[in-house]
Protein chains: 2
Amino acid sequence: MGRAASPRPGENQAPTMADVAERAGVSAMTVSRALKEGSRVSQATREKIMAAVNELGYVLDQSAGSLSSRKTGFVAAIVPSINNSNFADTARGITDELESTGLQLLLGYTDYTVEKEERLIEAMLRRRPEGIILTGGAHTDRARRLLESAGIPVVETWELPAKPIDQVVGFSNEEAMGLLVKTLARKGYRKFGYIGGTTSRDTRGSQRREGFVRAIEELGLPPGRLVSFGVPPISIEQGGQAVVSMLKRWPDTEAVLCVSDLSAFGALMECKRRGMRVPQDIAIAGFGDYEVAAFCHPGITTVNVDCYGIGREAARRLIQLIRGGEKQRGQEIVLTSYRIVEREST
Amino acid sequence: MGRAASPRPGENQAPTMADVAERAGVSAMTVSRALKEGSRVSQATREKIMAAVNELGYVLDQSAGSLSSRKTGFVAAIVPSINNSNFADTARGITDELESTGLQLLLGYTDYTVEKEERLIEAMLRRRPEGIILTGGAHTDRARRLLESAGIPVVETWELPAKPIDQVVGFSNEEAMGLLVKTLARKGYRKFGYIGGTTSRDTRGSQRREGFVRAIEELGLPPGRLVSFGVPPISIEQGGQAVVSMLKRWPDTEAVLCVSDLSAFGALMECKRRGMRVPQDIAIAGFGDYEVAAFCHPGITTVNVDCYGIGREAARRLIQLIRGGEKQRGQEIVLTSYRIVEREST
DNA sequence: GATCGATGTGATATCGATAACATACCTAAC
DNA sequence: GTTAGGTATGTTATCGATATCACATCGATC
């Protein structure tokens with residue numbers, strides 16, 4: 001049985017649409033229509049129904065509804081970390097863009113590993129999202145296959161993947177870091193160092209490093225000094241440790257570029273702690289334009305990325321793909337803007 | 001009709017359990033069992049089924065499953081902001097604790113308003129979560145009613161609500177701020193200032209302010225100077241602006257306490273920019289022990305809160321309540337730890 | 001006044017899984 | 001040899017909503 005045929009009042013069972021219908025003296029179908037925007041239900045009936053809804057404290061059950069309508073109203077998004085304000089901004093952009101559409105976000109984080117990404121993708125696909133937003137272009141083969149057989153639109157963000165799945169909203173991390181190098185080279189710096197994480201888990205980090213190395217080459221400068229320190233994402237603290245290691249090995253380094261503002265901030269604070277003057281003794285730059293970079297003293301030169309905009313645009317594209325159905329599934333690529341923000345640290 | 005009776009191979013329709021069953025030559029029920037841990041299916045059958053699952057790229061549809069099993073596998077959590085590393089840590093704690101249970105998190109953020117919280121609660125209840133974690137104890141009446149008729153366990157976090165709904169995992173923000181005042185008073189500071197947001201949207205902020213005022217009174221010190229600046233959460237930048245305003249009005253302020261480390265950091269940087277020595281000319285303390293407070297120079301004295309632990313414990317409690325059913329629905333309160341972290345800024 | 005279309009509402013089938021019960025087969029115990 | 005009990009699998013009903021079609025009512029048009 002499970003449930004009494006006629007639910008006693010006061011019983012602690014969440015009411016169903018049938019309960020509302022009975023109370024309002026209409027059919028369940030009419031209740032369903034009344035609760036859906038843009039359906040034609042007479043004013044009088046709608047009021048009766050709404051009264052019943054309020055009295056019972058009824059809330060629509062979307063899991064049931066999505067089964068018959070074949071639309072779950074979910075969108076999945078997977079980011080490396082939610083503790084990183086850049087990705088949190090992207091997640092916020094996605095949520096904000098979804099808000100007006102009634103779609104709900106399923107958010108997950110990978111801790112920067114494709115294995116966890118694969119597990120997350122599978123877990124999310126069990127919820128039958130109507131579309132999915134990923135960070136970056138590195139995925140396991142199985143993840144790609146799962147996405148393919150799911151048959152839902154995919155938007156990759158934050159990078160320009162070599163092998164895009166569907167659409168892309170991102171920028172070239174390589175180019176952006178290259179631009180930072182060139183900007184500083186123009187100011188006269190010649191001996192560059194780079195601080196980043198050790199493994200290649202963080203593809204954006206690797207791309208930035210490549211952009212660094214390549215730009216140095218192109219400019220014909222002395223080879224860049226690379227310090228790898230810690231598993232990505234590298235923290236403020238690790239940034240500090242890394243700059244120590246850098247200065248020990250190459251004391252004459254003129255400008256240190258960091259994979260992110262957090263490590264740059266760590267490096268900056270460590271230098272100040274050691275009595276070094278920034279930028280006179282050493283210049284420091286970061287990536288991401290975190291709030292801390294703008295307001296610390298001295299302010300940190302960095303690359304501003306439109307994190308929030310990436311989220312909004314990715315969601316906007318995804319919604320279009322969902323709404324538009326199978327047409328226009330072309331592999332479009334949307335380039336998002338970035339710009340160098342020069343501050344006192346360089 | 002909707003779907004062809006016998007799906008053509010290659011058709012872009014996600015396969016269902018029936019498709020898998022047919023291919024494996026078993027019934028759908030057996031497939032269901034094979035995909036669920038701890039069900040008895042013979043090794044041979046399981047292998048056949050798994051092969052079919054892989055060939056088809058089948059992924060279980062939980063929306064359908066949860067309808068009949070009456071368990072959605074969702075847990076909802078609502079935080080003020082995901083861009084705040086304290087709450088992001090709590091969200092991470094929740095996710096990590098849920099991971100092994102197969103429950104999935106529905107995360108939403110309120111932007112510090114109870115109105116958005118109410119809307120979020122309703123949106124989440126539509127997904128029939130098995131439990132819900134809220135931040136703080138301030139909710140609209142309708143939100144309370146919705147939660148009540150949903151009949152699911154609720155855990156409130158980060159505060160000690162006057163009128164708890166179910167269980168609570170948190171600490172007294174008032175007491176914690178009071179302790180910070182007393183710690184600094186013991187070091188000899190007497191003229192205290194407080195920087196926080198303007199409205200009372202942020203209940204934790206208000207509680208901290210009350211704790212500040214009360215502690216000053218108890219210690220018999222000169223009345224605290226209060227500067228309210230900006231809508232919560234107040235940013236690094238606003239912290240800087242607030243300290244300027246504070247010093248203009250009360251130039252002899254000895255120690256400035258801030259509602260969070262972000263505003264404290266902003267205040268600190270602004271003071272340094274103005275050539276003031278911290279803590280000699282002015283002491284600064286924050287709240288929350290954000291990473292920036294530990295690694296900036298000078299390090300910021302603050303109150304360390306076990307954000308991640310709050311998330312884990314709240315999730316742990318919620319899981320117990322979900323598993324335990326209706327029993328032990330007592331209003332328990334779990335106090336989480338906090339401690340003063342003294343650094344160079346005071 | 002008959003016909004038509006618009007509008008409001010109801011009846012029924014259905015979405016894709018699982019719960020609950022039924023059944024077939026096998027082994028062990030008497 | 002018969003029975004009890006366990007294991008593996010199948011059958012049917014069902015979860016709570018919505019799609020779809022059917023039907024009733026009403027006013028406008030000819």
| Qualifying residues under ring pair (Phe, Tyr, Trp, His ring centres under 6.0 Å), relative to F87(B), sequence neighbours excluded | W158(B)
| Quick one: bend of the helix from dG1(C)-dC30(D) to dC30(C)-dG1(D) from 5 pairs per end, to 10°? | 50°
| Where the side chain of T30(B) is concerned, which of dT9(D), dT18(C), dT18(D) is the nearest nucleotide? | dT9(D)
| side-chain contact (heavy atoms from CB on, under 4.5 Å) partners for T113(B), two or more places apart | E115(B), K116(B), R201(B)
| message | By nearest atom, which of the nucleotides dA19(C), dA19(D), dC15(C) is closest to the S69(B) side chain? | response | dA19(C)
| query | Does any donor atom in the side chain of D96(B) or Y308(B) lie under 3.5 Å from an acceptor atom in the other side chain? | reply | yes
| request: Indicate whether OP1 or OP2 belonging to dG10(C) is found under 4.0 Å from a side-chain N or O atom of S27(A). | output: yes
| field | Partner set under side chain to side chain donor-acceptor pair (under 3.5 Å) for S81(A), not counting sequence neighbours | value | none
| said: Output the rounded distance in Å from CZ (R127(A)) to P (dG16(C)). | reply: 17 Å
| Given dC15(C), is OP1 or OP2 found less than 4.0 Å from the side-chain N or O atoms of T16(B)? | no
| request: Rounded to the nearest angstrom, tell me the gap between atom CD in Q43(B) and atom C1' in dA8(D). | output: 13 Å
| field | Spacing of R70(A) atom CZ relative to dT14(C) atom C1', expressed in whole Å | value | 10 Å
| field | Whole-Å distance separating the NZ atom of K71(B) from the C1' atom of dA17(C) | value | 15 Å
| said: Holding to side-chain contact (heavy atoms from CB on, under 4.5 Å), I want the full list of residues that pass it with E97(B), two or more places apart in sequence or in another chain. | reply: R312(B), A315(B), R316(B), I319(B)
| request: Please state whether the base of dG10(C) and the side chain of R33(A) form at least one donor-acceptor pair under 3.5 Å? | output: yes
| request: Would you kindly give the CZ-to-P distance between R126(B) and dA17(D), to the nearest whole Å? | output: 12 Å
| task | Please figure out whether S32(A) or A28(B) has its closest DNA chain D nucleotide nearer the 5' end. | result | A28(B)
| said: Can you see if the side chain of S68(B) gets near the phosphate of dG16(C) - specifically, an N or O under 4.0 Å from OP1 or OP2? | reply: no
| request: Report the residue from V41(A), V20(A), T45(A) that forms a side chain to side chain contact (heavy atoms under 4.5 Å, CB included) with V31(A). | output: V20(A)
| task | Kindly say whether S63(A) contributes a backbone atom to a donor-acceptor pair with the side chain of S63(B) at under 3.5 angstrom? | result | no
| L107(A) and T95(A), any side-chain heavy atoms less than 4.5 Å apart | no
| R40(B) CZ - dA24(C) P separation (whole Å) | 18 Å
| To the nearest angstrom, how far is M17(A) atom CE from dT14(D) atom P? | 20 Å
| query | Does the side chain of E118(A) pick up a donor-acceptor pair with the side chain of H139(A) at under 3.5 Å? | reply | no
| remark: Here the distance between atom C1' of dT18(D) and atom CG of L67(B), to the nearest Å, is 12 Å
| request: Would you indicate whether the side-chain heavy atoms of T101(B) and R323(B) approach each other to under 4.5 Å? | output: yes
| Sub-4.0 Å heavy-atom contacts from residues 54-66 of chain B onto DNA chain D, ordered by number | none
| said: Using heavy-atom distances to pick each residue's nearest nucleotide on DNA chain D, tell me which of R128(B) and S42(B) is more 5'. | reply: S42(B)
